[in-house]
Amino acid sequence: MSAESGSKKPRVGVYVCHCGTNISHTVDVEQVREWAEKTLGAEGVVIARDYKFMCSSLGQELIEKDIKELGLERVVVAACSPHLHELTFRGASKRAGLNPYLTELASIREQVSWVHTDKAVATEKAKAVVAGAVERVIKNEPLEEIRVPIHPDTLVVGGGIAGIQAALEIANAGFKVYLVEREPSIGGHMAQFDKTFPTLDCAACILTPRMFEAGTHPNIELLTWSEVTHVAGYVGNFTVTVKKKPRYVNTDLCTGCGICVEKCPKKVVDDVYEAGLGYRKVVYTPFAQAVPKYPVIDAPNCTYFQKGTCKACEKFCPTNAIDFTQKEEYVTIQVGNIILATGYDLFDARRVSNYGYGRLANVFTSIEFERMSNAAGPTGGNIVLRDGKTQPKTVGIIHCVGSRDKNYNNYCSSICCMQSLKFAHLVKERTGATVYEFYIDMRTPMKAYDEFYQRVLEEGTLFVRGKVAQVTNAARNEREEGKLIIQVEDTLAGKQRRIPVDMVILSIGMEPRHDAKETSHLFGVGCSSDGWFIEKHPKLDPVSTMTEGVMIAGCATGPKDIPASVAQGAAAAARVLNKIMQKEVVLEPIKASIDQEKCSGCRICNGLCPFNAILFHEDRMVSEINPALCQGCGTCVAACPAGAISGTGFSNEQILAQIDGLLMDVNLAV
Amino acid sequence: MSDYLFYPGCSMESSAKAYYDSLMEIAEPLGINLKEIEDWNCCGATEYVGINLIPAYSLIARNLALAAKMKNGTKTVVAPCSACYLNLAKADYYMAERPALGEKVNQALEAGGLHYDPGTLDIRHILDIIINDIGLDVLKAKVVKPLKGLRVAPYLGCMVPRPDYYHRWSDPEHPIELVEVLKAIGAEVIDFPRATTCCGGHMTQIGPETAYELIRRLISSAEKYKADIMVTVCPMCQMNIDAYQSETNRYFGTHYHMPIVFFTQLIGLALGFPPEKLGFGTEITSTKAALARIGVEIPEPVEEGAPRRKKEEGLPMPPRLLKNVKGKPRNTEEAEQ
Amino acid sequence: MPQTDIQPFRTALIQEEDLSLLEEVSMKTAGVSHLEMCIQCGSCGGSCPPAEEMDHTPRMLFAMLRAGMRDAVLQSNTPWICVSCYHCVVRCPQNVHITDVMYTLKSMAIREKKYRDATAPEFSETFVDMVEKYGRSFEFGLATRHYLKHAPLRLVSMSTMGLGMLTKGRMSITPKKIKGMPQLKAILDKAKELELTS
Amino acid sequence: MSETFEPVIIGFTCNWCSYRAADLAGTARMKYAPNVRLIRLMCSGRLDPTFVMKALASGADGVLITGCHPGECHYIEQNYKALRRYLLLRRVLKGMGIAPERVKLVWASAAEGLKLAQEINTFVEEIRALGPLGWNRKLAGNGHALEQPAMEVTA
């Protein structure tokens, strides 16, 4: 490589971090420093230092001092991943009067010292990584961060307990919230439950006040029976389209008296709220405490919509609130932040055909059991077999149905152990039946959970450690005749057992919403291959997403129990409030722009932008990028045949220079 | 007519001759053209793999290599025997899943001038062909004598729906394919809970007491559901339940009489073929009474299969020759009481 | 405690531990066994139709493999009782190729002559002998040879059934031989020199 | 030089997935071959084929391109564009007499540190098997490398 010595290269400082021994254990830091000073001197490096912890205040001061005293124009810190400390070192530069974007981090910890073992080889690679960063930083341009005002309103998607909590937190802080829910009422899965573990509080008793508060809060606008159909814009300035499905009930007139429901002559199986275990009318409110109180007409099942006659509801409505002419309605709202609390679906137990759900009458799912044990449910809280009257004498509860199984879902659904223990307690309490629990591992890690396990043990529930092989009605002898037989290896006894029972409860796991992929595209959040939304950081940023301004809470990111969902709802709200209070948001100035002189008007870039940030000016026959919409991916930069598009932060010059730097040793060897 | 490469398997020439004969009869009207793999050899059943892995898979793969040479237009190999079907399919699957196995097997094959690349062929079972290629509509259209009033227990056995690495079946434990075919020919199909449980396999030879228990579970269950006859797709299942039924009865002191035939035999009846052309009459447990219900007369069997010592009402006499004799149904829950 | 009391126990443990056993079994199994993934849930032992005849459930056998208890594993009757029904395979939450592992354990037990009852291994060997001789299985030869050796009296009790099979044309007294015997022999001879080592 | 050939590979990573996968591999102390040097882009869609050419011409023996799984792109669908360019690029390389296997596209989500490490190991072995490219030496030699590309078997 021909180094043009004497040319006016910017003055670069290189700082190599030991990171305690995290780096120096595998990389000869001293050697890297020496080499940087000597070999990269020709490239413009005027100073190279190493230090135990560059990120410490002393380390940062070192850099600040050099910038001021040596007149550094570029800084390279060879340390950890930029995702950890890029902001730290940019801050140091800024304090010393250097544009923060003239500082680069070279990752020699995550990409070198932690993943390699041979010290000599690792040291060589560290040098290459540093050289790449030096060559790149020379081509960096000073940039100004972008500031965008934040719209103070917030959209919360999903009216389960996580969404309700988030909405209340923000509303109570004095800001407006739109709470969108696709079912007729808010409340989510929690509204279906009877008791909650481990305290056995009645779910309705603790949820209803929250629902009521959300429904009547002056700062919360409920959009139930509604779905988000389109999202445009970016943090601080989202434009969201919401489809309001027709209720066929004029909510301005309806008083929620319930006469229409009473008079409606048609009953259908309620697959949503009653989980298929009970019936509802065709005009209905899902449950007594529903918020809002207005009913909905289920048009596909309504006799009037299907046959043109009936109208019983209309006839009897005292306020003339029934309106068969209602149509879908689209409303557009402006918000600054969005919280996704879209929740989960339940695993379809029929997929585990060896457990017989759907084939064997007295095999129930956990959600069916919740409804059955609920005093407001289809059996009035009586625990009975499918015939609706017989109390079971023996009940088997099977854990991990559809979870921890490569044939279905790999993950642990986290709530099933506790839920099953709760069922065992309820069955005992209400029927006195013999209860078996079949588990692989008992997982009771949260507050007061293991104590609940102890309590259920004490109550005499029989625990069998083994994944149930099958539930069958094929008896082998008299004793099994007419029963459901649970066949399992009792792994602690080392023997196969066949246990005849009257009722089986399958503790079914949680799954991502069936439409999670579409939702993730709609809001531009990441979705893992199994369908759960991806957090910005699983530990340190669990309620943010990679998309600024879009938060997530509750089971949308994975299975959670009620306390965790509530905590996440509140945490997401805190994140949003933090943004709102800042009044404006700082964006990375990574944007593409088109040189109008070079643009040939070929329009190749136009179709490449998924954010519709590229406009084509018909009159001048050139394209232009709207910096407010550009997200900085750089696809158009790479595609422009005229080389007219450049991208700040990741320009061609920067990347080509980095390649040169990374391969410097190879070329020196030629 | 659809062309298929055909791997009959050893039992089709002997113990499951009825399967072979009936399949040959119904193939033509259903439009199935079976081209037998030239000079095929035994698949090794469940025995060879338990002795020596590479020779066992080489033995299977010789058939695949021979079939691949003939494939000409069709890449589908049809096997009617469950064990053959599974062995051929597993060899193809494992040779790909474990390249080291594929490599070694091909080294062996090359000693015989052969070679097989996994994935070259589709290995399918005859039931899969009938339901998915020919289709229920075609089958229904060909039925001239629906088996109305015949209560059948659909018995698929183990090795067709499991392990099903290629996901060809509706369910590994409660698949619907055989049920659908039997319904299509007009039979009354019972909801047989043991449709895919084990018949004992080779245990009839090496551990008969184990096998008898498994056979007992099957026939008692079929009888409980008032089946007239069991219907299978597997020569081993047919053999165990048919030929070992009297021994099972003797062992437990029971009097079950549950005939079992191949599904192709019943399809043949429904398509109007005379029973003697379909191999009826070769079973040990007579089908006479069962088929009389639908007005089919079976040629007089040489040997009556039902237990002859009918007097045994009291305690059963266990056969003295067997080890660990237990004269009553097993109850694994005994210890629990 | 006097040293002599504890010594035999210790020795037994040291002798039995063979931590490469699991890997060896996995390597010798067709396909990718996933044996190391076993979570000891027992869905195999629960599924197994003849589990009650086994001295160890499959799950326990896998725990013993992990513990390196070579002799105890290879002496177990479990693989010989396995009926290859694949119920455990489709239910295993970790996709362990259980049936194929059983085949591997059988072949290892045969090679190391560890099996305790010769009936099953010799049946398999007789079957294979027939196949290697004729290229096809030969039920009559198999049955007569097997029963003569292992259950001569059963031969008598089964003769009614056997006769029935013969008269109904379901069993042949003469074996069928394939044309390509030399080719098959060459393949199998070569195959016997080979082993899965990776 | 040592007897085994140690290839030098340039890896392009996406800021949102594979770069984080590399971070994760580091945090989890997964060990992998040291032959790959990574460059961070905001998206695999930013990958200009020129970058690949430049890397190969400057002495790299192979180029690894990594991005989010199809359907998981942070920018909605730009990784599909990367895929299209990658396929085109391989055709071009082949036309130039360079084994197209020298460039490989791998999907790795932010959670797939292990997968990324494994893919890197595999790719290093693949390039090791292909041998050195040495395009930069040719360039340094006669300055006409593009007309006289490195000798490659392209059967």
Side-chain angles (χ1 to χ4, degrees), chain B residues 10 13-15 17 39-42 44-55 57-59 62 90 93-94 97-98 100-101 104-105 107-109 111-114 158-159 162-164 172-173 197-198 200-203 205-207 210 214 243 246-247 282 284 302-303 319 321 330 332, chain C residues 28 30-32 49-50 52-53 79 81 83-87 89-90 103-104 106-107 110 119-120 123-125 127-128 131 135-137 139 143 146 151 153-154 157-158 160-161 163-165 167-172 176 178-180 183-184 186-192 194-198:
Chain B
C10 303
E13 302 181 321
S14 52
S15 60
K17 226 175 152 309
D39 205 39
W40 55 271
N41 57 258
C42 171
T46 52
E47 306 309 320
Y48 212 154
V49 274
I51 290 188
N52 204 340
L53 186 79
I54 307 287
Y57 278 87
S58 304
L59 183 80
R62 177 176 176 269
K90 243 170 63 165
Y93 184 80
Y94 283 161
E97 188 189 56
R98 187 91 183 273
L101 176 70
K104 295 275 152 85
V105 166
Q107 275 179 36
L109 287 181
L114 293 173
C158 313
M159 293 185 187
R162 288 189 300 269
D164 195 18
E173 314 220 12
T197 65
C198 180
H202 70 179
M203 294 310 275
Q205 312 299 312
I206 58 177
T210 303
L214 300 183
S246 57
E247 274 206 64
T282 60
I284 307 286
V302 181
E303 191 79 17
L321 305 176
R330 316 291 155 77
T332 48
Chain C
K28 287 181 174 169
V32 180
E52 61 220 60
E53 313 281 339
I81 300 290
V83 288
S84 305
C85 74
Y86 293 87
H87 263 301
V89 175
V90 297
Y103 291 139
T104 306
K106 286 191 206 185
S107 65
I110 289 180
T119 318
F123 176 78
S124 294
E125 278 170 344
F127 184 96
V128 168
V131 172
R136 296 277 173 89
S137 82
E139 286 159 3
H146 177 69
L153 292 174
R154 193 164 177 228
S157 82
M158 298 259 299
T160 337
M161 189 266 269
L163 215 60
M165 296 292 281
T167 47
K168 283 166 187 278
R170 290 178 62 178
M171 196 157 34
S172 168
K176 259 197 181 169
I178 64 166
K179 281 180 288 185
Q183 180 194 44
L184 179 60
I187 291 173
L188 294 179
D189 285 349
K190 176 73 192 169
K192 283 173 189 171
L194 303 170
E195 217 170 308
L196 268 182
T197 48
S198 62

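Numbers restart at 1 for each chain; the letters A, B, ... are given by sequence-line order, proteins then strands.
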**Message:** Holding to side-chain contact (heavy atoms from CB on, under 4.5 Å), I want the full list of residues that pass it with C:Lys176, two or more places apart in sequence or in another chain.
**Reply:**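 For C:Lys176 the side-chain contact (heavy atoms from CB on, under 4.5 Å) partners, ignoring immediate neighbours, are B:Glu13, C:Arg136.
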Among [options], single out the residue with the greatest number of heavy-atom pairs under 4.5 Å to chain B.
options: C:Thr197, C:Asp189, C:Val131, C:Leu188; value: C:Leu188
options: C:Ile110, C:Leu184, C:Val89, C:Ile81; value: C:Leu184
options: C:Gly180, C:Pro50, C:Ser172, C:Ala143; value: C:Gly180

Checking heavy atoms, do the side chain of [X], its backbone, both or neither come under 4.5 Å from chain C?
X: B:Pro163; value: both
X: B:Leu214; value: side chain
X: B:Lys104; value: both

**Item:** Option in B:Ser14, B:Gly201, B:Ala111, B:Gly112 with maximal non-hydrogen atom pairs under 4.5 Å from chain C
**Value:**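 Ranked by contacts with chain C, first place is B:Ser14.
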**Request:** Would you mind telling me which of B:Leu101, B:Leu53, B:Asp164, B:Val105 has the largest number of heavy-atom pairs within less than 4.5 Å of chain C?
**Result:**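 Most heavy-atom pairs within the cutoff with chain C belong to B:Leu53.
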Non-hydrogen atoms of chain B under 4.5 Å away: do they reach the side chain of [X], the backbone, both or neither?
X: C:Val128; value: side chain
X: C:Glu195; value: backbone
X: C:His87; value: both

**Prompt:** Could you go step by step and tell me if B:His202 and B:Glu47 meet the side chain to side chain donor-acceptor pair (under 3.5 Å) rule?
**Reply:** CA-CA 9 Å; B:His202 70 179; B:Glu47 306 309 320; 2.5 Å; yes
**Request:** Taking salt bridge (Lys or Arg N to Asp or Glu O under 4.0 Å) as the test, write out the residues that go with B:Glu97, two or more places apart.
**Result:**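 Salt bridge (Lys or Arg N to Asp or Glu O under 4.0 Å) check on B:Glu97 returns nothing, list empty.
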4.5 Å side-chain heavy-atom contact, [X] and [Y]:
X: B:Arg62; Y: B:Leu109; result: yes
X: C:Lys168; Y: B:Ile284; result: yes
X: C:Lys28; Y: C:Ser107; result: no

**Prompt:** Between C:Phe123 and C:His146, how do the two ring planes meet: parallel, tilted or perpendicular, split at 30° and 60°?
**Reply:**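 Because their plane-to-plane angle is over 60°, the rings of C:Phe123 and C:His146 count as perpendicular.
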**Item:** Closest non-hydrogen atom pair between C:Met165 and B:Ala243, with its separation
**Value:**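 Reported closest heavy-atom pair: SD-CB, 4.3 Å.
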